[in-house]
K.L.:
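I am attaching a structure below and will ask some questions about it afterwards.
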Amino acid sequence: MWLINSSVGRKVVMSLTGLFLILFVTFHALMNAVAIISLDAYEAVCEFLGANWYALVGTAVIAGGAVLHIVYAFWLTMQNRKARGNDAYAVSSRPKNVEWASQNMLVLGIIVFCFLALHLFHFWAKMQLPEVMGEMPLSGEQALEATFSQLWVLPVYLVGFVALWFHLTHGFWSAFQSIGTTNDKWICRFKCIGFWWATVAVGLFVVEACYLTWFFGM
């Protein structure tokens, strides 16, 4: 199958799954902002996105997209290293016009994955999963307090946010490039859009984490 056997097809899969996850990140940043405005409203959102069938289907689709993105990222990285052969171990300076994020996407992705695992432990494993298992889940406010009342959480989350910002700013325009929707004019536009979009989305996460740490931990 072209999407599996072809390197171009693999890049398309990774790009499309990446763009799909970008939509989820945007939704998640906006959803979390509700907690700053009103904890009661945030609780209502959490109840709406509990163990209902549509929420479970959505969770499965997001998880599937994330797994595909990670698998294809490692697959393409190994493929590129194999193609470079001995040149992969040569010591050289970074080529001009090649972004730092581009050279370190796998490392950034691993940091983001570890941060995601921690975030899932703090929230999904204590909210939706217990409800699916027939146990008593934490409410949205309880999960927020249990997480952000621990002062070590904020610096760890901030490291994850920084890695996410770098990963997104490069991944956004790179995805459009991989699926063939860019030219010399549009690549600059997508880079600009990706920069500002990632800055606003990740900035929201930072503000939310800082506020919740102040609210529950101080």
K.L.:
Please test N32 against L204 for side-chain contact (heavy atoms from CB on, under 4.5 Å), starting from the C-alpha separation and ending with a verdict.
P.N.:
CA-CA 9 Å; N32 289 354; L204 266 177; over 6 Å; no
K.L.:
Check whether any side-chain heavy atom of Y42 lies under 4.5 Å from a side-chain heavy atom of I37, and answer yes or no.
P.N.:
no
K.L.:
Please report whether the ring centroid of F148 lies less than 6.0 Å from that of Y157.
P.N.:
yes
K.L.:
Report the residue from L164, V162, L168 that forms a side-chain contact (heavy atoms from CB on, under 4.5 Å) with F166.
P.N.:
V162
K.L.:
Above 12 or not: heavy atoms from other molecules or residues under 6.0 Å from CZ of F216?
P.N.:
yes
K.L.:
May I have the step-by-step check of side-chain contact (heavy atoms from CB on, under 4.5 Å) for H170 and L108, ending in yes or no?
P.N.:
CA-CA 11 Å; H170 174 76; L108 290 169; over 6 Å; no
K.L.:
Could you check if a side-chain atom of T213 sits within less than 4.5 angstrom of a side-chain atom of V153, using non-hydrogen atoms only?
P.N.:
no
K.L.:
Do F190 and Q177 come close enough that some side-chain heavy atom pair is under 4.5 Å?
P.N.:
no
K.L.:
Could you tell me if the side chain of C46 sits less than 4.5 Å from the side chain of M127, heavy atoms only?
P.N.:
yes
K.L.:
Should we say atom CZ of F24 is surrounded by more than 12 heavy atoms from elsewhere, each under 6.0 Å from it?
P.N.:
yes
K.L.:
Under the side-chain contact (heavy atoms from CB on, under 4.5 Å) test against W197, which residue among I22, V202, T169 passes?
P.N.:
I22
K.L.:
Can you establish whether the number of heavy atoms outside W152 located under 6.0 Å from its atom CH2 is more than 12?
P.N.:
yes
K.L.:
Could you tell me whether the side chain of H119 reaches within less than 4.5 Å of the side chain of T147, counting heavy atoms only?
P.N.:
no
K.L.:
Which heavy atom of L151 sits nearest a heavy atom of G217, and at what distance?
P.N.:
CD2-O, 4.1 Å
K.L.:
Report the C-alpha distance between Y72 and V12 in whole Å, list the side-chain angles of each, state the deciding distance to 0.1 Å, and finish with yes or no for side-chain contact (heavy atoms from CB on, under 4.5 Å).
P.N.:
CA-CA 10 Å; Y72 273 74; V12 169; over 6 Å; no
K.L.:
Would you call the rings of F161 and F115 parallel, tilted or perpendicular, where under 30° means parallel and over 60° means perpendicular?
P.N.:
perpendicular
K.L.:
Check L21 against G65 and note the closest heavy-atom contact, atom names and distance.
P.N.:
CD1-O, 4.2 Å
K.L.:
Taking the six-membered ring for Trp and the single ring otherwise, decide whether the centroids of F176 and F172 are under 6.0 Å apart.
P.N.:
yes
K.L.:
What do the steps show when you test F121 against K126 for side-chain contact (heavy atoms from CB on, under 4.5 Å), and what is the final call?
P.N.:
CA-CA 7 Å; F121 171 75; K126 297 178 180 179; 4.2 Å; yes
K.L.:
Which heavy atom of M14 sits nearest to which heavy atom of H69, and what is that distance?
P.N.:
O-ND1, 3.0 Å
K.L.:
Does some side-chain heavy atom of E135 sit less than 4.5 Å from a side-chain heavy atom of E131?
P.N.:
no
K.L.:
So which atom in A55 and which in G50 form the shortest heavy-atom distance, rounded to 0.1 Å?
P.N.:
CB-O, 3.2 Å
K.L.:
Evaluate the criterion ring-ring contact (aromatic ring centres under 6.0 Å, His included) for residue pair W165 and F205; output intermediate values, then yes/no.
P.N.:
CA-CA 11 Å; W165 183 86; F205 282 131; over 10 Å; no
